[in-house]
There are 2 protein chains.
Amino acid sequence: MPTSTVEQYIKTIYQQEERCAHDIVPMKQLSEAMGVTPGTATAMVKHLAERKLIRYEPRKGVRLTAGGRELALIMVRRHRLIETFLENVLGYDLSEVHEDAEQLEHAVSDKFIERIDAYLGFPPADPHGDPIPSAEGHIARRDSVPLDHCETGDSIRVARLRNDDPAFLLLMKEQRLTPGEVFVVIDKNETAGTMTVQHNARTRKTNTPFTISMGNSTRIMVEPTGEQ
Amino acid sequence: MPTSTVEQYIKTIYQQEERCAHDIVPMKQLSEAMGVTPGTATAMVKHLAERKLIRYEPRKGVRLTAGGRELALIMVRRHRLIETFLENVLGYDLSEVHEDAEQLEHAVSDKFIERIDAYLGFPPADPHGDPIPSAEGHIARRDSVPLDHCETGDSIRVARLRNDDPAFLLLMKEQRLTPGEVFVVIDKNETAGTMTVQHNARTRKTNTPFTISMGNSTRIMVEPTGEQ
DNA sequence: GATATAATTTTGATTAATCAAAATATATTA
DNA sequence: TAATATATTTTGATTAATCAAAATTATATC
Ligand SMILES: [Mn+2]
Ligand SMILES: [Mn+2]
Ligand SMILES: [Mn+2]
Ligand SMILES: [Mn+2]
């Protein structure tokens, strides 16, 4: 049985592989993502390699083995189902779900997770819009693009918010920039490094435009609505 | 912040104090209840005494301080609310709730517990009939007696099942000997060391009597129905 | 290409939790 | 009371996870 520390390292390596074009993950990146000193990460990485959960290339970095990916997807499934439960059932705010899920994911049994899944009606995605892997380890690939790839006039739907910072998520909630919501890009100012979007709601009169930095907009994944 | 090991020791000491007429808990009893060697328990007990969670009398045993009792009641509250959630919401069997609660109680946040409490409608007792302490650490005292204190002819209601063994609980469920159910003692055989009870249901025809050993009957806490 | 900078690994130490087995104290029994 | 049994503590060792700081290697810069 993996310890919760091992679980957390493996999940983190998976996430870093996703972020950086599924290349090898360097030690600095891993140690920073784990919040430990580089030496600690090196020691753990050797242990994970012995356990055959990763392949470790000294002085280069690490990547998951098939077995490591399997464990990572189990952890991602747990995390996302727990987040969905916290928001949908217990009424947590979007900005609060991550912190608690980060702990609970290491304490729940398979039985618990499968029952939660059924209770929620087998949701395809978590509150951030991230797809929930199946119990067998299959994960849906959804082709969304970062908001900064869009142009003025584009009609878009928010797909995922790839940032766990509560302050960021609180702001997104305030501006209704949450998964499923439809917007139009009304301005893209490369010089200023900002994008301005406007909510498409017909039920509200106050569709005040909202301006966001280009940096933050890379964390908002969107897909075209198909409408012009 | 106490580690989950510290939490578990404190909760266990509380339970052993309850069992044995709130006297001092000897080291052997503690080490057996924790499933560790006596030396391990001695080392931990010194640590808990430094933390002012217990008072430790060498060669005698331990007892909780006010602070220790406070932590213990927090853990008991968590455990019982989680058990209630697992049975009432996720459909766990009575015999399955304990194992998962034993892990989850160390991973949940205060926010999680208060939301679960509200979601369940502030239940007074868990599925075993054990009272749930309030968030402020108050616990209801219910004066129930062990089944073996009853006499032939007594009409009784099951209050609590003080045994976490899944096999025992499975049997109790089968015989409908669960909290709230009403029975009549139809025989008490001191020589054979058995008691026989019969379910009071009017909706069923098959009220076959059920015989249980005196030893097991001490784990079934009951209260008189008031009817003759 | 030599040197400065950055990343990585190694070394030595620490903390929490545990066990096995030896030592000691207490309780029971003859 | 003396001998025996039981409970408890002590000692020495182990495992997992971590840090600080020194040593090493790779990368970038001049
Ligand atoms: Mn985690
Ligand atoms: Mn998420
Ligand atoms: Mn526990
Ligand atoms: Mn219970």
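The analysis underlying the following values was restricted to heavy atoms, covering all of them including side chains, and did not include hydrogens, waters or symmetry mates. Model, not experiment: these values are computed from the prediction. Numbers restart at 1 for each chain; the letters A, B, ... are given by sequence-line order, proteins then strands.
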Problem - For B/Ala125, side-chain contact (heavy atoms from CB on, under 4.5 Å) partners two or more places apart - result: none
Problem - Qualifying residues under side-chain contact (heavy atoms from CB on, under 4.5 Å), relative to A/Ser144, sequence neighbours excluded - result: A/Ala159, A/Arg160, A/Met221
Using atom [atom1] of [X] as one end and atom [atom2] of [N] as the other, report the distance to the nearest whole Å.
X       : N      : atom1 : atom2 : result
A/Glu7  : D/dA16 : CD    : P     : 15 Å
A/Ile24 : C/dT8  : CD1   : C1'   : 13 Å
A/Glu57 : C/dT8  : CD    : P     : 13 Å
A/Lys28 : C/dT5  : NZ    : P     : 16 Å
B/Glu50 : C/dT15 : CD    : P     : 12 Å
B/Glu32 : D/dA7  : CD    : C1'   : 11 Å

Handout entry: OP1 or OP2 of D/dT8 under 4.0 Å from side-chain N/O of B/Tyr56
Key = no
Problem - Phosphate-side-chain proximity, A/Lys60 and D/dA26, N/O vs OP1/OP2 below 4.0 Å - result: no
Exercise for the section: Please collect all ring-ring contact (aromatic ring centres under 6.0 Å, His included) contacts where either partner lies in residues 112-135 of chain A, sequence neighbours excluded, each pair once. Expected result: none
Handout entry: Of all pairs that satisfy side chain to side chain donor-acceptor pair (under 3.5 Å), the ones with a partner from residues 48-64 of chain A, not counting sequence neighbours
Key = A/His47-A/Arg51
Problem - Stacked cation flag A/Arg115 on B/Tyr92, 6.0 angstrom / 45 deg - result: yes
Practice task
Treat primed atoms plus P, OP1 and OP2 as sugar-phosphate and everything else as base, then score nucleotides 17-26 of chain C 5' to 3': B for base contact with protein heavy atoms under 4.0 Å, S for sugar-phosphate contact only, - for none.
Solution key: SSBS---BS-
Problem - Any residue meeting ring pair (Phe, Tyr, Trp, His ring centres under 6.0 Å) with A/Phe85, in chain and number order, not counting sequence neighbours - result: B/Phe85
